[in-house]
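Below is one structure, written out as structure tokens; comments come after it.
Residue numbers count from 1 along this sequence.
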Amino acid sequence: MNVIYLDNNATTRTAPEVLEEMLPYFCEQYGNPSSMHSFGGNVGARLRQAREQIARLINADPDEIIFTSCGTESDNTAIWAALASQPDKRHIVSSKVEHPAVKNLCEHLAGKGYRITFVPVDRNGRLDMDYFYDHLTPDTALVTIMWANNETGVIFPIEKIAEFLNERNIVFHTDAVQAIGKIPIDIHSTGVDFLSLSGHKLHGPKGVGALYVRKGTKFSPFLIGGHQERGRRGGTENTASIIGLGRACEFVADHMEEENTRVRFLRDKLETQLTTRISHMRINGDRSQRLPNTTSVGFDYVEGESILLLMNELGICASSGSACTSGSLEPSHVLRAMGVPFTSAHGSIRFSLSVYNTETEIDFVIDKLPAIIERLRELSPFWKRS
Ligand SMILES: *Cc1c(COP(=O)(O)O)cnc(C)c1O
């Protein structure tokens with residue numbers, strides 16, 4: 001059976017171009033980049049090239065890029081570094097809709113004596129900017145707010161937030177794992193101090209990420225060990241994966257135009273066609289400020305998990321809430337923060353596309369999903385009574 005993969009915010013296919021660049025660095029060029037001999041040193045030179053490729057995607061300086069093991073490590077490193085450099089400050093501002101890599105760390109820090117403000121979002125998943133401005137204090141050590149949300153695709157006004165925080169000298173971290181490669185980002189024109197990205201969300205391999213640290217921003221390492229990354233992150237470099245991440249950054253730069261035209265068209269077609277074919281359905285999230293590949297759709301009187309199971313039988317891969325939330329009966333914290341009614345939040349699924357999707361695949365989903373929803377609603381006592 002053919003798989004129709006519409007779960008690209010969970011992870012993406014490693015691009016064959018990316019894998020091809022990685023392969024020689026396992027069995028042939030396996031040297032340690034820190035070695036004195038040129039067998040290792042050549043790999044070190046190749047890592048410099050990867051660092052440049054990553055930097056180029058966001059218009060950063062290569063020296064501002066630190067390789068990490070994943071988006072989660074980048075998020076954790078930035079947050080701990082910001083707190084360590086300002087030991088007197090005990091307040092953090094974040095949002096109610098962060099990925100667990102930020103949200104759960106903030107909750108952990110709340111148990112360690114930090115005060116956390118989680119800025120709410122409105123019905124469309126947009127950040128409440130007045131609430132944000134009102135809750136910054138002289139005690140605020142860090143603001144950590146994602147660039148784009150993984151469940152709804154809603155994009156936050158990061159440039160505006162950065163400019164405001166810069167004038168007040170407040171450290172700013174943004175989790176840009178979902179935004180990177182989908183929308184243009186010019187980090188030098190913003191005042192962002194820390195930015196996280198992850199390889200497997202942009203057609204690179206899993207288990208590698210990067211952290212941008214703005215020149216002049218105070219930093220302290222999360223992994224203390226060898227002198228790798230100029231002492232900013234110990235541990236022998238994951239050479240093949242870093243090289244893959246560098247190539248993946250080029251791949252998404254080359255496809256950004258397509259992402260914002262063809263992929264956006266497919267996403268929009270999916271939404272409008274489902275809307276005309278299925279009643280009692282809503283799109284979760286602001287339609288204008290949104291990633292081109294993501295849609296979160298809520299169906300009343302059905303369970304998201306049931307929809308996923310029936311779609312799975314047809315080879316269609318999507319998700320309900322974030323991968324980390326599914327498996328529990330609670331609807332996603334993102335949809336709850338948006339005030340999505342309980343019934344609709346329970347029946348919400350996320351489709352996230354990539355440049356590998358075709359119109360034939362989208363048409364297949366448009367053709368099959370209405371019958372799935374109808375079948376499930378027939379089983380629901382609430383649907384019959386409504
Ligand atoms: C996937 C994701 C992460 C975590 O990245 P990993 O590389 O899987 O650790 C963090 N933030 C967001 C918004 C994500 O979508």
Side-chain angles (χ1 to χ4, degrees), residues 66 68-121 125 127-128 131-152 156 158 161 165 168-178 192-198 207 209 211 213 217-225 232-235 321-339 342 345:
I66 300 176
T68 66
S69 68
C70 57
T72 302
E73 187 192 324
S74 298
D75 286 342
N76 276 249
T77 303
I79 292 170
W80 285 113
L83 298 180
S85 65
Q86 307 164 89
D88 298 337
K89 297 187 178 178
R90 310 291 290 176
H91 179 230
I92 301 169
V93 175
S94 188
S95 86
K96 283 198 165 178
V97 297
E98 296 299 310
H99 185 275
V102 168
K103 177 178 170 277
N104 290 349
L105 175 54
C106 285
E107 282 166 5
H108 171 80
L109 289 165
K112 301 265 175 214
Y114 284 90
R115 201 164 60 78
I116 323 285
T117 300
F118 291 104
V119 178
V121 295
L127 208 61
D128 184 338
Y131 191 100
F132 168 72
Y133 295 132
D134 287 349
H135 285 78
L136 296 168
T137 73
D139 191 39
T140 306
L142 168 73
V143 172
T144 171
I145 292 181
M146 68 202 325
W147 203 306
N149 185 267
N150 43 302
E151 291 188 36
T152 59
F156 288 153
I158 293 303
I161 294 172
L165 294 176
R168 286 157 187 79
N169 268 316
I170 299 175
V171 177
F172 184 30
H173 163 248
T174 185
D175 174 339
V177 169
Q178 291 295 342
V192 171
D193 294 291
F194 297 101
L195 174 145
S196 306
L197 63 90
S198 173
L211 177 65
V213 184
T217 296
K218 288 207 182 75
F219 186 79
S220 61
F222 184 55
L223 283 193
I224 297 172
R232 295 177 297 178
R233 201 266 188 189
S322 65
C324 323
T325 321
S326 55
S328 77
L329 284 173
E330 280 285 290
S332 99
H333 70 284
V334 175
L335 300 181
R336 268 183 298 147
M338 290 162 64
F342 202 74

Using the rule given for side chain to side chain contact (heavy atoms under 4.5 Å, CB included), can you reason through Arg233 versus Leu211, listing the C-alpha separation, both sets of side-chain angles and the distance that settles it, and then say yes or no? CA-CA 10 Å; Arg233 201 266 188 189; Leu211 177 65; over 6 Å; no
Heavy atoms of Tyr114 and His91 approach each other most closely as CD2-N, 4.5 Å
Rounded to the nearest 0.5 Å, what's the gap from CD1 on Ile116 to NE2 on His108? Could you check? 10.5 Å
Are any non-hydrogen side-chain atoms of His135 and Val119 less than 4.5 angstrom apart? no
What I'd like to find out is whether the side chain of Glu73 reaches to under 4.5 Å of the side chain of Asn76, using heavy atoms alone. no
Taking side chain as C-beta onward, heavy atoms only, is Asp75 less than 4.5 Å from Thr144? no
At their closest point, which heavy atom of Gly125 faces which heavy atom of Phe156, and how far apart are they? O-CE2, 3.2 Å
Ala148 backbone acceptor or donor facing Gln178 side chain under 3.5 Å: no
Worked check of side chain to side chain contact (heavy atoms under 4.5 Å, CB included) between His333 and Glu151: CA-CA 10 Å; His333 70 284; Glu151 291 188 36; 4.3 Å; yes
Could you check whether any side-chain N or O of Arg90 sits under 3.5 Å from a backbone N or O of Asp139, counting only pairs where one atom can act as donor and the other as acceptor? no
Between Ile161 and Phe132 the two heavy atoms that sit nearest each other are CG2-CZ, 3.6 Å
Output yes when a side-chain donor or acceptor of Asp175 lies under 3.5 Å from a complementary backbone atom of His99, and no otherwise. no
Work out which heavy atom in Ile92 is nearest to a heavy atom in Cys106; give both atom names and the distance. CG2-SG, 4.3 Å
Taking all non-hydrogen atoms of both residues into account, name the closest pair between Ser196 and His173 and its distance. OG-NE2, 2.8 Å
First locate atom NZ of Lys103, then atom CZ of Phe118, and finally report the distance between them rounded to the nearest 0.5 Å. 7.5 Å
So Trp80 and Leu109, side chain to side chain contact (heavy atoms under 4.5 Å, CB included) or not? Walk me through it. CA-CA 10 Å; Trp80 285 113; Leu109 289 165; 3.6 Å; yes
Taking the side chain as C-beta and beyond, is there a heavy-atom pair between Thr140 and Thr117 under 4.5 Å? no
Parallel, tilted or perpendicular: which fits the ring planes of Phe219 and Phe194, with parallel below 30° and perpendicular above 60°? tilted
Would you say Thr68's side chain and Cys70's backbone share a donor-acceptor pair under 3.5 angstrom? yes
Looking at every heavy atom in both Ile170 and Asp193, which two are closest together, and how far apart are they? O-OD2, 3.9 Å
Please evaluate residues Ile145 and Leu127 with respect to the criterion side chain to side chain contact (heavy atoms under 4.5 Å, CB included), reporting the C-alpha separation (whole Å), side-chain torsions for both, the decisive distance (0.1 Å), and the verdict. CA-CA 10 Å; Ile145 292 181; Leu127 208 61; 3.9 Å; yes
Give, for atom OH of Tyr131 and atom OG of Ser95, the distance between the pair rounded to the nearest 0.5 Å. 12.0 Å
